[in-house]
*Asks:* 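First the structure, then my questions, so here it is.
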Amino acid sequence: MSNKISEANWTFHWRLTESAGIMIYLADFRGRRVLWEASLPYVTIDHQHETLDVGEDPGEVHGPWWVPLGTRTLEGPVRVQSFRGGVELSAAFAAGPYHYTQLWRFHDDGRISPWLTIYGPGVHDQHTYHPHWRFDFDLDGARDDSFERFEDNRWERVEREGWFPYSGEADEHGNVWRQVDVASGAAINIRPHSWDDAEVFAIRYHDGEWAPYSPRSAAGSATFPSAYVGDEPLDGDDVTLWYVAHVHFDQSFPYTAGPWIKVEGLGG
Amino acid sequence: MAPSKKPVKAAKPAKSKPKPRAAPKPEVPARAAKSAAAKPTPAKPAPDVARADATLFDPLTPGEVADALRTLMEDRRLSSMAKVGRYRVICTEPLVVKPPHWMAGHRLVRVVAYDYAADRTVDACVDLDAGVVAHLELSKGQPMLSRDEEALAVSIAMVDDRVRAKLAIGDTPQSTLHYWGRTTEDLAYARRSAAVVFGRPDGHASVVAVVDLLENLVTQVVPAERW
């Protein structure tokens with residue numbers, strides 16, 4: 001199977017990684033570059049204990065754990081399927097009591113759905129999933145980008161790197177964050193799932209930068225991507241975005257996490 | 001921001017007579033490490049990411065993997081690790097850098113290894129075109145478990161008496177996860193550890209065993225419902 005797909009106004013490449021699920025790279029919409037690379041570097045899992053007595057609540061006794069979504073946990077082939085108005089890739093992963101289906105859906109109107117369906121029982125009911133997506137958008141070139149978030153009823157430009165949780169405020173289309181190419185005005189709009197309890201880390205891209213092969217940095221240090229957040233300016237540079245969802249397990253699972261992403265201003 | 005990586009100087013080819021590695025340098029913030037491989041960029045770089053070569057993202061061939069590992073192990077900065085031989089290669093993947101970086105267009109391999117003797121992670125970029133280690137980071141970060149480590153953790157847990165005492169008939173290892181403790185009271189807080197989840201064939205988890213991979217022993221045995 002070729003790993004280059006040209007369909008529904010999109011041209012993109014994909015490959016299965018060792019630990020970051022299906023990676024998408026060099027994606028163009030209507031012949032213009034949108035994405036350098038995007039992947040799902042990790043899904044961590046926390047456990048809690050359920051008690052009705054606040055005084056006896058032990059909190060989270062154990063730390064998080066994770067298992068790579070990649071070649072070693074893949075169940076069956078990566079599937080490429082057309083659907084009405086687009087094309088999608090999907091792959092199932094399993095690691096004991098944890099099961100996932102990763103999806104990349106490309107719509108002909110410029111939408112991308114990088115999603116993760118989570119199911120499986122876990123080791124017990126009280127646990128929370130934290131899928132981390134990493135997006136390196138290059139709208140009409142790598143640099144000359146800005147990052148904005150919607151707050152106080154308008155789009156506000158963010159000048160420096162940081163952590164930007166969803167506050168509940170969104171524009172009329174539900175978008176909360178966006179990356180804008182200053183020169184062309186083209187934009188990538190990000191709309192979180194209402195129940196993702198989502199947050200975005202905006203980090204300046206550096207030549208030679210690579211995604212970590214683990215969420216864990218040194219003992220006692222912040223995990224990635226928090227450990228990458230400094231105070232560097234974003235405005236007019238190349239920006240990398242991490243979208244992190246926090247999904248508590250409940251009886252209504254399966255649950256599909258992940259944002260809607262919409263390309264705007266590239267024609268059509 | 002918390003320090004997490006330690007950059008090492010720019011690449012030098014291996015020499016035939018390796019010298020002992022220099023004493024570690026003080027750690028610097030992750031922020032600085034990220035840009036260690038970069039050369040100063042022009043004030044107004046050409047936005048030519050649209051002309052990137054897609055084949056650079058292709059999976060590595062067995063020969064490319066072997067080439068990358070040989071190049072890394074012959075690098076004098078890792079001579080002590082190679083000599084002691086207590087390391088595991090965690091993964092090898094293609095790495096692609098954007099134009100106008102000087103390595104853009106080169107066939108690059110990222111190699112991640114864990115050095116048990118020094119309790120550290122080796123994260124390297126090998127330039128196959130130039131035959132050099134183009135970038136090297138040594139850190140206390142914890143990469144994911146290798147397949148060998150997953151198998152080792154299972155084998156250690158399977159023969160532990162405390163684990164065996166808690167297993168029911170039909171319980172088998174379901175999965176092995178990379179685990180780290182939340183507090184300093186947990187041995188896994190600062191030590192490389194794996195959690196082996198045992199369970200029934202229907203998927204119901206029964207027991208979790210935490211394995212310390214530095215000492216190769218089980219440090220915790222916890223009923224799954226109390227994890």
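In the text below, chain A, chain B and the rest are named by the order of the sequence lines, each starting its count at 1.
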*Asks:* Which one, A:G122, A:P64, A:A94, A:P215, leads in non-hydrogen pairs under 4.5 Å with chain B?
*Replies:*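 Top count of heavy-atom pairs under 4.5 Å with chain B: A:P64.
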*Asks:* Cation-pi check for B:F57 against A:R15: NZ or CZ below 6.0 Å from the six-membered ring centre and within 45 degrees of the axis, yes or no?
*Replies:*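 No cation-pi geometry.
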*Asks:* Answer yes or no: is there a donor N or O on one side and an acceptor on the other, between the side chain of B:R88 and the main chain of B:Y114, under 3.5 Å?
*Replies:*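 No.
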*Asks:* Which bit of A:P121 is near chain B, if near means a heavy-atom gap under 4.5 Å: side chain, backbone, both or neither?
*Replies:*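 The side chain, not the backbone.
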*Asks:* Would you mind checking which part of A:D238 comes under 4.5 Å of any heavy atom in chain B, side chain (CB onward), backbone (N, CA, C, O), both or neither?
*Replies:*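 For A:D238, the contact with chain B is made by the side chain alone.
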*Asks:* Where on A:Y42 is there a heavy atom nearer than 4.5 Å to chain B: the side chain, the backbone, both, or neither?
*Replies:*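 Neither part; nothing is under 4.5 Å.
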*Asks:* Between B:P94 and chain A, which part of the residue has a heavy atom less than 4.5 Å away: side chain, backbone, both or neither?
*Replies:*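 For B:P94, heavy atoms of backbone and side chain both lie under 4.5 Å from chain A.
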*Asks:* Below 4.5 Å, heavy-atom pairs only: which of A:T17, A:L16, A:D28 has the largest tally toward chain B?
*Replies:*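 It is A:T17.
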*Asks:* Give the member of B:A188, B:S193, B:A224 that has the highest number of heavy-atom pairs under 4.5 Å with chain A.
*Replies:*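 Top option by heavy-atom pairs under 4.5 Å: B:A224.
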*Asks:* Quick check: does any side chain N or O of B:D171 sit under 3.5 Å from a backbone N or O of B:A168, one acting as donor and the other as acceptor?
*Replies:*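 Answer holds: yes.
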*Asks:* What verdict does the ring pair (Phe, Tyr, Trp, His ring centres under 6.0 Å) test give for A:F106 and A:W10, after you've listed the backbone C-alpha separation in whole Å, the side-chain angles of each residue and the deciding distance to 0.1 Å?
*Replies:* CA-CA 7 Å; A:F106 293 82; A:W10 287 93; 5.2 Å; yes
*Asks:* Verify, without hydrogens or angle tests, whether A:H248 (side chain) and A:H127 (backbone) share a donor-acceptor contact under 3.5 angstrom.
*Replies:*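 A pair under 3.5 Å: yes.
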*Asks:* So, the side chain of B:W180 versus the backbone of B:R192: is there a donor-acceptor pair under 3.5 Å, distance only?
*Replies:*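 Between the backbone of B:R192 and the side chain of B:W180 there is no qualifying donor-acceptor contact (under 3.5 Å).
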*Asks:* Does the structure place the NZ or CZ of A:K4 under 6.0 Å from the centre of the six-membered ring of A:F12, at an angle of no more than 45° from the ring's axis?
*Replies:*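 No, A:K4 does not sit over the ring of A:F12.
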*Asks:* Is it the backbone or the side chain of B:V208 that comes under 4.5 Å from a heavy atom of chain A, or both, or neither?
*Replies:*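 Only the side chain of B:V208 comes within 4.5 Å of chain A.
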*Asks:* Charged N to carboxylate O under 4.0 angstrom, B:D129 versus B:R107?
*Replies:*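 No salt bridge links B:D129 with B:R107.
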*Asks:* Chain B heavy atoms under 4.5 Å from A:Y25: which part of the residue, side chain, backbone, both or neither?
*Replies:*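 For A:Y25, the side chain is the part near chain B, not the backbone.
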*Asks:* What part of A:R33 lies closer than 4.5 angstrom to a heavy atom of chain B: side chain, backbone, both or neither?
*Replies:*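 Side chain only.
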*Asks:* Does anything in residues 195-206 of chain B reach chain A? List residues with heavy atoms under 4.5 Å apart, or say none.
*Replies:*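 Residues B:A195, B:V197, B:G203, B:A205 are the ones that qualify, each having a heavy atom under 4.5 Å from chain A.
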*Asks:* Which region of B:T176, side chain (C-beta onward) or backbone (N, CA, C, O), has a non-hydrogen atom less than 4.5 Å from a non-hydrogen atom of chain A, or is it both or neither?
*Replies:*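 Contact with chain A is through the backbone of B:T176 alone.
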*Asks:* Using modelled atom types and a 3.5 Å cut-off, is there a donor and acceptor pairing between side-chain atoms of B:T71 and backbone atoms of B:D67?
*Replies:*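 Yes: the side chain of B:T71 pairs with the backbone of B:D67.
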*Asks:* Out of A:D144, A:V123, A:V67, A:D46, which one racks up the most heavy-atom pairs below 4.5 Å with chain B?
*Replies:*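 If we count pairs closer than 4.5 Å to chain B, A:V123 comes out on top.
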*Asks:* Would the distance check show the side chain of A:N3 and the main-chain N or O of A:W14 forming a donor-acceptor pair, the cut-off being under 3.5 Å?
*Replies:*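 The answer is yes, because a donor-acceptor pair under 3.5 Å joins these two groups.
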*Asks:* Give the intermediate values and the outcome of ring pair (Phe, Tyr, Trp, His ring centres under 6.0 Å) for residues B:H178 and A:W65.
*Replies:* CA-CA 5 Å; B:H178 179 203; A:W65 64 26; over 10 Å; no
*Asks:* With chain A, which of B:Q174, B:E93, B:E185, B:E225 has the greatest number of heavy-atom pairs at distances under 4.5 Å?
*Replies:*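 The answer is B:E93.
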*Asks:* Between A:F135 and A:P114, what is the shortest heavy-atom contact and its length?
*Replies:*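 Scanning both residues completely, I find the closest heavy atoms to be CZ-CG, 3.6 Å.
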*Asks:* Counting only non-hydrogen atoms closer than 4.5 Å, does A:H62 touch chain B with its backbone (N, CA, C, O), its side chain (CB onward), both, or neither?
*Replies:*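 Both parts, backbone and side chain.
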*Asks:* Where does B:T172 contact chain A at under 4.5 Å (heavy atoms): side chain, backbone, both or neither?
*Replies:*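 Contact with chain A is absent: no heavy atom of B:T172 under 4.5 Å.
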*Asks:* Among B:V154, B:L213, B:V211, which residue satisfies the side chain to side chain contact (heavy atoms under 4.5 Å, CB included) criterion with B:E149?
*Replies:*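 Checked B:V154, B:L213, B:V211 against B:E149; only one passes side chain to side chain contact (heavy atoms under 4.5 Å, CB included): B:L213.
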